[in-house]
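Scroll down for the structure; my scribbles are underneath it.
From a predicted model like this one, the values you see are computed outputs, not experimental measurements. Only heavy atoms go into these numbers, but all of them, side chains included; no hydrogens, no water, no symmetry mates.
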Amino acid sequence: MKKVLIIYGKETINYPHILTDDEEMEATAFFISNILRKNRIDCYLLGLGKDLRILGKWIRKEKWIVFNLCEHLDGNYRKEYKVARYLEKNKIPFTGNPSLALKI
């Protein structure tokens, strides 16, 4: 049985006085995971920081369907496409745009 992995960007910088885009995306990821779990779908959350190595460790162990909420890598929005490209290269089904659309 495939599992759902919900990924989102997680910057290392934290601004305590405002709700950042990352905090909003993390809240969205938790909201989605709650809906999936209520429907008895096994899912996990993974916040990505500087690189994709942690994602590689996760996808090697299981057969995943990835719910891609990642909009950057370590705060760099120009690297958003790299997440989709990594998933495409590893033949992992995922939601959202393909890497070429994100790069353009």
Subject >> Mutual orientation of the aromatic rings belonging to Tyr44 and Trp64 [parallel < 30°, tilted 30-60°, perpendicular > 60°] >> reply: perpendicular

Look up atom [atom1] in [X] and atom [atom2] in [Y], then write down how far apart they are to the nearest 0.5 Å.
X	Y	atom1	atom2	answer
Trp58	Leu5	CH2	CG	6.0 Å
Ile7	Leu46	CD1	CG	7.0 Å
Lys89	Leu52	NZ	CG	10.5 Å
Ile92	Lys63	CD1	NZ	9.0 Å
Lys79	Leu48	NZ	CG	13.0 Å

Original post:
Under a single-linkage rule joining Ile, Leu, Val, Met, Phe, Trp and Tyr whose side-chain heavy atoms are separated by less than 4.5 Å, which residues share a cluster with Leu100?
Top reply: Ile104

Applying a strict under-4.5 Å side-chain criterion to I, L, V, M, F, W and Y, I'd like to know whether [X] and [Y] cluster together.
X	Y	value
Ile65	Tyr8	no
Phe67	Phe31	no
Leu73	Phe94	yes

**OP:** Kindly indicate whether the side chain of Phe30, heavy atoms from C-beta on, has any atom under 4.5 Å from the side chain of Glu26.
**Re:**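 Yes, their side chains come closer than 4.5 Å.
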
**OP:** With the side chain counted from C-beta on, respond yes when Ile32 and Leu69 share a heavy-atom pair under 4.5 Å apart, and no when they do not.
**Re:** yes

Subject >> Stepwise side chain to side chain contact (heavy atoms under 4.5 Å, CB included) check, Ile6 with Thr28 >> reply: CA-CA 10 Å; Ile6 303 168; Thr28 301; over 6 Å; no

Subject >> Donor-acceptor contact below 3.5 Å, side chain Ser99 vs main chain Tyr81 >> reply: no

Subject >> Within 6.0 angstrom of Ile35 CD1, more than 12 heavy atoms from elsewhere >> reply: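 Atom CD1 in Ile35 is crowded, with more than 12 foreign heavy atoms closer than 6.0 Å.
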
Original post:
What heavy-atom pair brings Pro98 and Ala84 nearest, and what distance separates the two atoms?
Top reply: C-CB, 4.2 Å

Subject >> Exercise: identify the closest heavy-atom pair between Gly9 and Cys70 >> reply: N-SG, 3.6 Å

Original post:
Quick one: side-chain hydrogen bond (donor to acceptor under 3.5 Å, both in side chains) partners of Glu80, sequence neighbours excluded?
Top reply: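 Glu80 satisfies side-chain hydrogen bond (donor to acceptor under 3.5 Å, both in side chains) with no other residue.
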
